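In what follows, every chain begins at residue 1, and chains take the letters A, B, ... in the order their sequences are listed. Source: prediction; values computed, not measured.
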There are 2 protein chains.
Amino acid sequence: MSDNTQPRTRVRLRDVADLVGVTAAAASMALADSPRISDKTKRAVRAAATQLGYVPSSAGRALRSQRAGAIALIVPNTTQHVFGHSYFMHVLTGVSSVANERDTQVLVSTNPDEAHGLAAYERVMRSKSADGAIVTSAAVTDLNVERLSQSGLPVVLIGNFPYLSTSVSVGIDDVGASRSITEHLIEVHGRTRLLHVTGPMDHQTAIDRREGFLAAVAAHDLADASRVVEGDFSEEAGRDAVLGLGRDLTGFDGIVFANDDMAFGGLRALKSLGVSVPQDISIVGFDDFGLSRLTTPGITTVRVPAERMARVATERLFDLIEGSKPGPSHQELAVTLVLRESCGCESKADDA
Amino acid sequence: MSDNTQPRTRVRLRDVADLVGVTAAAASMALADSPRISDKTKRAVRAAATQLGYVPSSAGRALRSQRAGAIALIVPNTTQHVFGHSYFMHVLTGVSSVANERDTQVLVSTNPDEAHGLAAYERVMRSKSADGAIVTSAAVTDLNVERLSQSGLPVVLIGNFPYLSTSVSVGIDDVGASRSITEHLIEVHGRTRLLHVTGPMDHQTAIDRREGFLAAVAAHDLADASRVVEGDFSEEAGRDAVLGLGRDLTGFDGIVFANDDMAFGGLRALKSLGVSVPQDISIVGFDDFGLSRLTTPGITTVRVPAERMARVATERLFDLIEGSKPGPSHQELAVTLVLRESCGCESKADDA
DNA sequence: CTGAAAGCGCTTACAG
DNA sequence: CTGAAAGCGCTTACAG
């Protein structure tokens with residue numbers, strides 16, 4: 001019945017107020033459900049707002065209230081290389097859903113804006129386009145993250161940042177998880193001669209996952225038969241690590257890759273060499289952002305709860321913005337060991 | 001040397017102007033490089049802005065200039081199901097890079113905000129949080145897309161929307177591409193008994209890809225030996241389509257899946273039945289958003305240039321916002337046939 | 001308790 | 001040509 005053609009021209013708060021016969025200030029308070037305003041007026045204002053299709057101007061509100069009503073998700077320029085698409089989508093999903101609950105917009109800011117002399121994300125923050133930021137960088141040496149997190153602006157980091165101990169961050173126990181998955185190869189599959197292919201060593205995850213690997217082999221007295229090769233989280237690095245071993249390859253019966261992309265590259269290389277996985281060599285990866293269940297054999301890995309990390313980080317960010325709940329500065333979420341075939345475990349049914 | 005501690009407190013244009021000894025209006029014009037202002041003043045203002053670390057307030061600018069300085073990328077609530085993570089990231093990458101070139105922020109708006117009675121993206125537009133929107137929906141029946149695109153607000157759609165012929169959109173020729181890949185199975189691999197598994201039939205891509213398949217089999221007089229089964233773009237649908245054939249499966253020597261996810265599900269199902277691909281049955285997919293090169297065998301598919309579509313769409317959006325260049329209302333980009341092993345073509349070297 | 005002004009930061013349009 | 005006011009839309013803080 002109410003075939004109210006949505007107005008194409010902007011509707012201002014004043015228009016709503018005029019229709020009811022109150023001031024814009026009163027209408028504002030009515031819509032904000034202020035106790036100052038009578039129920040009768042509130043109802044009238046709300047009806048008028050609906051009738052006119054009023055939507056508050058974000059600029060007007062932001063300027064007056066000094067709140068952008070948006071948070072930024074920062075994509076460091078290294079992301080394409082270090083993280084996969086799936087990882088970022090998990091993070092985006094987590095951030096969006098929490099932001100949605102709070103009627104807050106999500107701004108995605110990519111970094112490589114060096115032309116302007118200022119990191120793009122610093123611009124975002126300084127221009128007050130966003131009230132806070134989620135940063136999911138990885139490089140230990142990323143000074144921008146440090147500057148931003150110490151600027152006093154609300155920022156929550158996803159990952160582990162031991163050098164930024166005062167920052168608020170949400171991560172996982174990479175050391176423990178890496179140790180666990182390595183011990184799975186040792187204890188369940190009896191592997192004794194292990195290779196670890198690391199990520200780029202300026203990334204904390206790479207450092208921690210190597211540490212976990214080393215702890216596992218040391219605890220089982222397998223350090224002498226084990227080796228560590230440096231990679232960079234790319235599929236090519238996994239391939240090169242395997243191919244680079246040459247005839248030394250036969251000295252290993254298990255490979256712990258620091259992420260799934262490298263495990264996939266390594267898996268392909270092993271296949272091309274006629275080495276069968278897991279019969280000849282067990283391999284495992286890390287992340288479970290999507291790839292590892294698609295391969296044949298499926299890659300046994302550690303599932304990093306990216307979406308949950310993002311959700312928690314975003315909730316913490318709102319706490320910071322609202323100035324409430326200090327809470328712990330670093331939180332660690334639990335991870336899951338996902339057993340597939342590449343380690344020697346039996347094939348499971350489809351895991352969706 | 002210039003160890004200028006960045007000010008934590010906001011720097012307003014007035015502060016810059018005061019430092020130079022001009023009015024805020026003059027400083028504004030100086031930074032905008034207005035011909036009204038002398039070079040000397042411009043230099044002084046720019047120096048002061050740099051010294052103070054001035055970044056314009058997005059709210060102030062937006063309110064005055066009636067321009068948000070942001071565009072929105074709309075994620076329809078059906079996206080999780082219909083598109084993959086990779087697709088959306090390709091789009092986001094394309095949109096971001098063009099937006100970055102124009103100093104414009106990118107807002108990501110997810111749709112499922114029905115609680116507020118207004119589609120989230122309509123809120124975004126009406127609140128002037130964004131000056132325009134890129135919509136990458138798919139459902140033919142999505143009335144919100146129609147409303148939004150006809151609201152007069154600048155909107156560019158990614159995909160084909162024959163029902164919205166007045167809208168600006170960027171897509172590919174799904175019919176032609178589907179026909180081509182089907183003919184590849186027929187002409188190159190001599191397949192004659194073909195099955196097509198469609199997407200959800202309320203999606204234009206599903207309709208078009210089916211049409212291309214039917215055109216191919218009709219042109220080669222293979223319609224009688226061919227069949228069409230309805231799917232929904234999910235891995236499970238691909239699996240179910242194969243398993244649902246039962247002993248009829250032996251009647252087919254080629255399957256054209258309407259996307260890669262279904263092809264993957266089908267591939268797994270065929271493997272589980274002991275049917276070898278491509279020896280017994282050739283299969284092909286559509287999209288090439290990431291998955292199809294990871295499987296064994298790799299899936300032959302049509303590469304949809306998602307990032308380029310997004311770039312073109314975003315450029316068109318800026319044209320609309322700036323009110324310039326009408327140009328064609330629908331553009332089609334070329335696609336690539338990506339030959340892998342699942343059709344029977346020889347294994348190629350790694351395609352990165 | 002309530003009405004209406006002031007002002008967030010910016011840039012455009014006006015007056016001189 | 002240039003100076004300074006006006007006003008974008010909103011909400012808070014003030015005056016009555």
Side-chain angles (χ1 to χ4, degrees), chain A residues 7 9-42 44-46 48-49 52-70 103 105 123-131, chain B residues 7 9-42 44-46 48-49 52-70 103 105 123-131:
Chain A
T9 52
R10 59 199 155 67
V11 177
R12 306 179 318 273
L13 184 56
R14 238 206 92 164
D15 300 317
V16 175
D18 284 353
L19 188 62
V20 178
V22 297
T23 63
S28 170
M29 291 165 130
L31 291 174
D33 203 24
S34 156
R36 271 190 56 166
I37 306 295
S38 74
D39 281 356
K40 180 162 161 273
T41 304
K42 281 181 190 172
V45 170
R46 283 196 273 254
L52 297 176
Y54 171 68
V55 178
S57 150
S58 56
R61 175 172 285 179
L63 185 56
R64 171 67 233 209
S65 60
Q66 301 289 64
R67 279 278 217 110
D103 281 320
Q105 306 289 349
R123 267 194 110 65
V124 170
M125 302 300 287
R126 302 273 299 286
S127 70
K128 303 234 166 221
S129 296
D131 299 316
Chain B
T9 53
R10 58 199 156 68
V11 177
R12 306 177 319 268
L13 184 57
R14 237 206 91 165
D15 300 317
V16 175
D18 284 352
L19 188 62
V20 178
V22 296
T23 64
S28 171
M29 292 167 129
L31 291 176
D33 204 24
S34 156
R36 272 190 54 168
I37 307 294
S38 74
D39 281 357
K40 181 161 160 273
T41 304
K42 282 182 189 172
V45 170
R46 282 196 273 255
L52 296 176
Y54 171 69
V55 177
S57 151
S58 55
R61 175 172 287 180
L63 185 56
R64 171 67 232 211
S65 59
Q66 300 289 65
R67 279 277 219 111
D103 281 321
Q105 305 289 347
R123 267 193 110 64
V124 169
M125 303 298 288
R126 303 272 299 286
S127 71
K128 304 236 165 217
S129 296
D131 300 315

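- Applying the side-chain hydrogen bond (donor to acceptor under 3.5 Å, both in side chains) criterion to B:D33, with sequence neighbours excluded, gives B:K42.
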Point to revise | Secondary-structure string, 5' to 3', Watson-Crick or G-U under 3.5 Å, | for another-strand partners, for DNA chain C | key: |||.||||||||.|||
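- Atom pair B:R12:CZ and C:dC10:C1' shows a separation of 12 Å (rounding to whole Å applied).
- Take B:R14 and apply the salt bridge (charged side-chain N to carboxylate O under 4.0 Å, His left out) test, not counting sequence neighbours, and it matches B:D18.
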Give every donor-acceptor pair under 3.5 Å between a side-chain atom in residues 55-65 of chain B and any protein atom, sequence neighbours left out.
from, atom 1, to, atom 2, distance (Å)
B:S57, OG, B:A59, N, 3.3
B:S57, OG, B:G60, N, 3.0
B:S58, OG, A:S127, O, 3.0
B:S58, OG, A:S129, OG, 3.2
B:S65, OG, B:R61, O, 2.5

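- Residues meeting the side-chain hydrogen bond (donor to acceptor under 3.5 Å, both in side chains) test with B:S28, sequence neighbours left out: none.
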Revision key, fill the gap. Going 5' to 3' through nucleotides 11-16 of chain C and flagging B where a protein heavy-atom sits under 4.0 Å of the base, S where only the sugar-phosphate is that close, and - otherwise, we get BBBB--
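- Under the rule for a salt bridge (charged side-chain N to carboxylate O under 4.0 Å, His left out), B:D131 has no partner lying at least two apart in sequence or in another chain.
- Rounding to whole angstrom units, NZ of residue B:K40 and P of D:dT2 are separated by 12 Å.
- Atoms CZ (B:R67) and P (D:dG9) sit 16 Å apart, rounded to a whole Å.
- If you measure from atom CG of A:L63 to atom C1' of D:dC8, you get 9 Å, rounded to the nearest angstrom.
- Legend: residues meeting side-chain hydrogen bond (donor to acceptor under 3.5 Å, both in side chains) with A:S38, ordered by chain and number and at least two apart, are A:T41.
- Nearer to the 5' terminus of DNA chain D, by closest-nucleotide assignment, is the contact made by B:T23 (compared with the other of A:R14 and B:T23).
- Residues passing the side chain to side chain contact (heavy atoms under 4.5 Å, CB included) test with B:A49, sequence neighbours excluded: B:V16, B:L31, B:Y54.
- Scanning both residues, B:A27 and B:V22, for their nearest heavy atoms gives N-CG2, 4.2 Å.
- The separation between A:D18 atom CG and D:dC10 atom P is 12 Å, rounded to whole Å.
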